Amino acid sequence: MGRNKYSQHEIDIIAMLLRKKCSGTRFQQKEIRHQLRVNFEFNISDFNEQGKAFGDKELQEAIQRGAIVILDDATIADMKAKRARDKARDEAARQAEAVENGGETDWQEAMKEWEKWENSEEAKNEK
């Protein structure tokens, strides 16, 4: 599930992309859906009926029924910053747990060891 809160500017861009999607080739439609998911965390499947096309008209209907909420730019910026902090925290916790369980190598520690070895006399002698 993606977001359901957007700024008016984001809604304007999403509406433009949806208009392009409806008139594009299959490949263009796929690329636009990808842009919507990655750039706006907007998943069409969160707002439409399965099997039906989703365009600008359906976007406006989703806004009217309250499925999509329009907030001011500052609130959206704060929300995005919090999501980024939460995502970074969760990723750090996941990586630490994986290293602790032996499932993954701590790449930052491995890089430090590599640089230490690369600058050592042993490495210089091998070159």
Side-chain angles (χ1 to χ4, degrees):
M1 171 122 189
R3 293 171 31 206
N4 69 338
K5 297 174 184 161
Y6 298 92
S7 68
Q8 184 59 53
H9 179 69
E10 288 176 317
I11 290 294
D12 293 341
I13 295 171
I14 290 168
M16 184 242 347
L17 287 169
L18 289 171
R19 284 190 297 274
K20 280 183 170 181
K21 180 187 78 70
C22 290
S23 64
T25 65
R26 182 180 167 120
F27 176 75
Q28 290 167 331
Q29 291 174 0
K30 186 175 182 178
E31 182 63 31
I32 290 169
R33 286 191 304 271
H34 176 73
Q35 287 177 354
L36 289 169
R37 284 189 301 270
V38 171
N39 298 337
F40 299 99
E41 297 178 59
F42 184 89
N43 297 315
I44 291 172
S45 61
D46 291 344
F47 306 108
N48 80 325
E49 294 178 41
Q50 189 172 357
K52 291 192 175 182
F54 190 88
D56 186 29
K57 178 183 166 202
E58 290 76 17
L59 175 67
Q60 298 308 319
E61 289 172 1
I63 293 168
Q64 293 300 318
R65 72 174 183 265
I68 295 175
V69 180
I70 298 176
L71 301 173
D72 62 282
D73 290 335
T75 303
I76 295 297
D78 291 344
M79 185 182 73
K80 285 181 178 179
K82 182 183 181 313
R83 281 178 79 107
R85 285 191 309 270
D86 291 348
K87 189 175 182 178
R89 180 200 63 219
D90 293 346
E91 177 59 25
R94 186 203 63 77
Q95 185 178 10
E97 183 179 332
V99 168
E100 187 177 301
N101 293 335
E104 217 173 89
T105 301
D106 183 347
W107 65 268
Q108 292 166 328
E109 188 62 34
M111 191 66 186
K112 287 177 189 175
E113 289 177 21
W114 170 257
E115 288 172 353
K116 184 178 174 183
W117 178 85
E118 194 171 42
N119 294 327
S120 71
E121 288 299 317
E122 181 183 343
K124 291 176 184 173
N125 291 338
E126 286 186 22
K127 292 178 183 177

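Fair warning: this is a prediction, and the values are worked out from it, not measured in the lab.
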Identify whether the distance between the nearest side-chain nitrogen and carboxylate oxygen of Arg89 and Asp86 falls below 4.0 Å.
-> yes
Checking side chain to side chain contact (heavy atoms under 4.5 Å, CB included) for the pair Lys20/Gln28: CA distance, chi angles, key distance, verdict?
-> CA-CA 8 Å; Lys20 280 183 170 181; Gln28 290 167 331; over 6 Å; no
Got a second to check how far Glu41's CD is from Asn4's CG, nearest 0.5 Å?
-> 11.0 Å
Determine, stepwise, if the pair Lys116 / Glu113 fulfils side chain to side chain contact (heavy atoms under 4.5 Å, CB included).
-> CA-CA 5 Å; Lys116 184 178 174 183; Glu113 289 177 21; 5.5 Å; no
With sequence neighbours excluded, residues passing side-chain contact (heavy atoms from CB on, under 4.5 Å) with Leu71 | Lys5, Val69, Thr75, Ile76
Is Arg94 paired with Asp90 through a side-chain N to carboxylate O contact shorter than 4.0 Å?
-> no
Say you draw a straight line from CD1 of Ile13 to OH of Tyr6; how long is it, rounded to the nearest 0.5 Å?
-> 12.5 Å
Criterion side chain to side chain contact (heavy atoms under 4.5 Å, CB included) on Arg3 and Glu10, from CA distance to verdict | CA-CA 12 Å; Arg3 293 171 31 206; Glu10 288 176 317; 2.8 Å; yes
Closest approach of Ile68 and Phe42, non-hydrogen atoms and distance?
-> CD1-CE1, 3.8 Å
Ignoring hydrogens and angles, write down the donor-acceptor pairs under 3.5 Å from the side chains of residues 50-61, residues two or more places apart or on other chains.
from: Lys52; atom 1: NZ; to: Glu49; atom 2: OE1; distance (Å): 3.4
from: Asp56; atom 1: OD2; to: Arg19; atom 2: NH1; distance (Å): 3.1
from: Glu58; atom 1: OE1; to: Gly55; atom 2: N; distance (Å): 2.7

Assess whether side chain to side chain contact (heavy atoms under 4.5 Å, CB included) is satisfied between Lys82 and Arg85, documenting all intermediate values.
-> CA-CA 5 Å; Lys82 182 183 181 313; Arg85 285 191 309 270; 3.6 Å; yes
Can any side-chain N or O of Asp72 pair as donor or acceptor with the backbone N or O of Ala74 at less than 3.5 Å?
-> yes
Assess whether atom CZ of Arg26 is packed by more than 12 heavy atoms of other residues, nucleotides or ligands within 6.0 Å.
-> no
Spacing of Leu18 atom CG and Met16 atom CE [to the nearest 0.5 Å] = 9.5 Å
Minimal non-hydrogen separation, Asp73 against Ser7, with atom names | OD1-CB, 3.0 Å
Donor-acceptor pair between Asp12 and Gln8 side chains, under 3.5 angstrom | yes
N/O donor-acceptor pair under 3.5 Å between Asp46 side chain and Gly2 backbone = yes
Set of side-chain contact (heavy atoms from CB on, under 4.5 Å) partners for Ser23, sequence neighbours left out | none
Looking at Ile44 and Lys21, what are the two nearest heavy atoms and their distance?
-> CD1-CE, 3.8 Å
Any side-chain heavy-atom pair of Leu17 and Phe40 under 4.5 Å | yes
Can you tell me how far the CG atom of Asn43 sits from the CG atom of Asn48, to the nearest 0.5 Å?
-> 10.5 Å
Indicate if Met79 and Ile70 have the same hydrophobic cluster label, given that clusters are the connected sets of ILVMFWY residues with side-chain heavy-atom separations under 4.5 angstrom.
-> no
